Q: 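Following this message is one structure expressed as structure tokens.
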Amino acid sequence: MLVAVLIPVLLLIATMLMEKFETRLLDTRPRRRPVRGPLRLEAGPTPPVAQRHLQSVTEPAPLVLDAGPVEVVDQPLRRAS
């Protein structure tokens, strides 16, 4: 019974100590950055998506299959297990 009460209390104390440690040592003031003007959001001339895709795709290599005659066997197929 004592262990059932003692473990949650110890966990609560540990979390409180960790929060204090984090706020003291890890939190820093935010650095001030110089303010710059707003950026212009003008879009340049862009080609359509289909045109960009066709430009990025190279010609495919020819497909070579190594096909040869196969023996014809007049037997029933095995059942898959």
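Not measured: the values here are computed from a predicted model. For the numbers below, each heavy atom of this structure counts, side chains included, while hydrogens, waters and symmetry mates do not.
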Q: Would you indicate whether the side-chain heavy atoms of Val9 and Ile13 approach each other to under 4.5 Å?
A: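 Touching, per the 4.5 Å side-chain cut-off.
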Q: Nearest 0.5 Å please: distance from the CG atom of Leu11 over to the CE atom of Met18.
A: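 It is 12.5 Å, given to the nearest 0.5 Å.
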Q: State the CD1-CG distance between Ile7 and Leu12, to the nearest 0.5 angstrom.
A: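 Rounded to the nearest 0.5 Å, the CD1-CG separation comes to 14.0 Å.
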Q: Rounded to the nearest 0.5 Å, how far apart are CD of Gln55 and CZ of Arg52?
A: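 CZ of Arg52 is found 9.5 Å from CD of Gln55.
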